[in-house]
Amino acid sequence: DAGITQSPRHKVTETGTPVTLRCHQTENHRYMYWYRQDPGHGLRLIHYSYGVKDTDKGEVSDGYSVSRSKTEDFLLTLESATSSQTSVYFCAIKANTEAFFGQGTRLTVV
Amino acid sequence: KQEVTQIPAALSVPEGENLVLNCSFTDSAIYNLQWFRQDPGKGLTSLLLIQSSQREQTSGRLNASLDKSSGRSTLYIAASQPGDSATYLCAVGLNYGQNFVFGPGTRLSVLP
């Protein structure tokens, strides 16, 4: 257990509303990641961070933004949720060279 | 662009069998390779990490090998048990971008 907590664990939201998912770590690792997991697509990188206020886009970043104002927190925001963003979202950290994952957030956009 | 594939997509074996899961990647310029286990509705649990300079890693009944030049890794599970039933994913750590690229996974069922 790498001390990663995701919140909320489940959320249902309406199309067009903003949504923020939170990832919290307890061990001050520099690198943090947001992935989404969908049937037929596997895990795809949305955004990642390499330090406070240092972030970069991943493979599927359109419609998402991130912020990292503290080492321990990495926030993922869906500016205006769409049905295509219904997915399971995973946060990960890199400890030395090894990746560790949170338990995931299941987001449903109706 | 790095692409990772896993064969087979699904596998069903009787309890006690030894089995091999395969992972292939297209670009040999990797930093490391990691195997994960994912139970339904759960997060990913790290099983084994192989650095690019290593050939294999072992943990209990699990052994992972890495052949960077051929773009392949295998996960060997000895004496399989029903509790091993899960989806197994491999991920390559990239030299650039500090990111990981995942394979689609192999869904394993071990029958009692």
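Here is how names work: the chains are called A, B, and so on, in the same order as the sequence lines, proteins then strands, and each is numbered from 1.
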Rounded distance (nearest 0.5 Å) linking atom CZ of A:F100 with atom CG of B:L44: 12.0 Å
Relative to chain B, which segment of A:L45 carries a heavy atom at a distance below 4.5 Å: side chain, backbone, both, or neither? side chain
When rounded to the nearest 0.5 angstrom, what is the spacing between OG1 in B:T87 and CD in A:Q37? 8.5 Å
Measure B:Q38 against the heavy atoms of chain A and call it side chain, backbone, both or neither at under 4.5 Å. side chain
Decide whether A:V60 and A:F74 are clustered together by the hydrophobic rule: side chain heavy atoms of Ile, Leu, Val, Met, Phe, Trp, Tyr closer than 4.5 Å, transitively. yes
Same cluster or not: are B:Y76 and B:L49 linked, directly or through other Ile, Leu, Val, Met, Phe, Trp or Tyr residues, by side-chain heavy atoms under 4.5 angstrom apart? no
Can you tell me how far NE2 of A:H47 sits from CG of B:N99, rounded to the nearest 0.5 angstrom? 12.0 Å
Would you list the pairs meeting ring pair (Phe, Tyr, Trp, His ring centres under 6.0 Å) in which at least one residue belongs to residues 33-74 of chain B, sequence neighbours left out? A:F101-B:F36, B:F36-B:F102
Heavy atoms of A:A99 and B:S46 approach each other most closely as O-CB, 4.1 Å
Please check if the number of heavy atoms outside B:I7 that lie under 6.0 Å from its CD1 is greater than 12. no
Atom group of A:Y50 that falls short of 4.5 Å from chain B, counting heavy atoms: neither
More than 12 foreign heavy atoms under 6.0 Å from CZ of B:R72: is that the case here? no
Does one hydrophobic cluster hold both A:L75 and A:W34, with members joined at side-chain heavy-atom distances below 4.5 Å? no
Distance, nearest 0.5 Å, that separates CZ of B:F100 from OH of A:Y48: 11.5 Å
